[in-house]
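Start at 1 and go down the list; that is how both ligands and their atoms are numbered.
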Amino acid sequence: MNLMVKARGLIHDYVSRDEDGNIEGKIRAIDGVDLDIRPGQFIAVLGHNGSGKSTLAKHLNALLNPTEGTVLIDGKDTTDESELWNIRQEAGMIFQNPDNQIIGQIVEEDVGFGPENIGVPTKEIWERVEESLRAVGMYKYRSKSPNRLSGGQKQRVSIAGVIAMHPKCIIMDEPTAMLDPSGRKEVIRAARALNDVEKITIILITHYMEEAIYADRVFVMDHGRIALSGTPREVFSNVEKMQELHLDVPYVTLLAHQLGRSGLKLPEGILNKEELKEALQSAVPSAFIGE
Ligand code: ADP
Ligand code: MG
């Protein structure tokens, strides 16, 4: 089976030119990235602003081509023009601002645009629209105007639009950045369900650490490179390294780490309240009065 994503030695330079076309400046946004993502994985990509996350995302959808190196999406080279539409259909993309992604006047019409554009027969379009809206829990809003939806609901409609293309992979570039806490939860829940139930590969770029704890694997970017990778527990065990990279760790992870530094014997990489409670229970059993 092909890897969903295989990048080797990926380099991306943004080149700026003056009026005569002479090179004025060059920014190396991706600086030698190797990446293996297997079908069905849930991947989180973290990194401070300007670390190259969006540039990387655009390579996974063939919106950009490598300056050097190669990117294969399900075995297809992103520089192969004849595979462009296959790559874009297989690897859908969700951006930050839901308002820029919705074009239809009615929810179901919006979700149907993609399949219609690639010539899916009408009857099948309606089947895809229904299944996609159900998959993100937005079916009951199918005849509403997108304008009347919350940010989280709009983002779920955008995701339905991508699902209607029957992708193998969805790349989400900070899909929750403009949402309130409940909208963020809705979108993450939808993304996890698509991964669990439909086995769609999810690549979630986020700066909310709590959204990364469910991932199979986390990649942390810094200056266009992958500075840290591993399971969420492995990555978040490196509290100091994460801080050097100007990133947080989840709140409970930090709390456990600080308690550890003040002398309490707790493991690193605690990811949620339950794990913290268990660790505390074995570290200071006398503090618990039974349940
Ligand atoms: P992130 O998504 O992690 O914030 P980006 O991939 O957007 O990072 O940016 C990586 C680097 O590339 C930054 O230094 C940014 O300023 C630069 N950059 C991004 N897009 C462009 C562009 N279209 N033209 C020139 N430089 C860009
Ligand atoms: Mg970005």
Among protein heavy atoms, which sits nearest to atom 8 (O) of ligand 1, and what does the distance come to when rounded to 0.1 Å?
Gly52 N, 3.1 Å
Are the side chains of Pro66 and Ile11 in contact, using a 4.5 Å heavy-atom criterion?
no
I need the minimum non-hydrogen distance between Phe236 and Met242, along with the two atoms involved.
CE2-CE, 3.7 Å
Protein contact of atom 19 (C) of ligand 1 - nearest heavy atom, named by residue and atom, plus distance
Tyr14 CE1, 3.5 Å
Distance-only, no hydrogens or angles: does the Asn61 side chain make a donor-acceptor pair with backbone N or O of Ala91 under 3.5 Å?
yes
Paired with Thr176, the side-chain hydrogen bond (donor to acceptor under 3.5 Å, both in side chains) test is passed by just one of Glu211, Glu186, Arg184, His207, namely Glu211
Looking only at protein heavy atoms, which one is nearest to atom 7 (O) of ligand 1, and what is the separation?
Ser54 CB, 3.8 Å
Does the side chain of Leu149 reach to within under 4.5 Å of the side chain of Met138, using non-hydrogen atoms?
yes
Does the protein put any heavy atom within less than 4.0 Å of atom 15 (C) of ligand 1?
no
Carboxylate-amine/guanidinium contact Asp110 Arg142, below 4.0 Å
no
Return yes if some donor-acceptor pair links the side-chain N/O of Arg134 with the main-chain N/O of Tyr139 below 3.5 Å, else return no.
no
With heavy-atom distances below 4.0 Å as the criterion, list the atoms of ligand 1 near Asn49.
4 (O)
If you measure from each heavy atom of His48 to ligand 1, is any distance below 4.0 Å?
yes
Pairwise side-chain contact, Leu3 with Arg38, heavy-atom cut-off 4.5 Å (strictly under):
yes
Looking only at protein heavy atoms, which one is nearest to atom 5 (P) of ligand 1, and what is the separation?
Thr55 OG1, 3.7 Å
With respect to the Mg ion (ligand 2), please indicate if Asn49 possesses an N, O or S atom at a distance under 2.8 Å.
no
Any nitrogen or oxygen of Ile27, main chain or side chain, under 3.5 Å from a nitrogen or oxygen of ligand 1?
no
Evaluate Gly50 for polar contact with ligand 1, using N/O atom pairs at a separation under 3.5 Å.
yes
Check contact between Ser51 and ligand 1, using heavy atoms of the residue and a distance below 4.0 angstrom.
yes
Out of all atoms in ligand 1, which are within 4.0 Å of some heavy atom of Ala29? Include the element for each.
10 (C), 11 (C), 12 (O)
Salt bridge present between Glu90 and Lys76 (N-O < 4.0 angstrom)
yes
Closest protein heavy atom to atom 3 (O) of ligand 1, given as residue, atom name and distance to 0.1 Å
Lys53 NZ, 2.8 Å
Logged contact type for Met221 with ligand 1, heavy-atom cut-off 4.0 Å, is neither
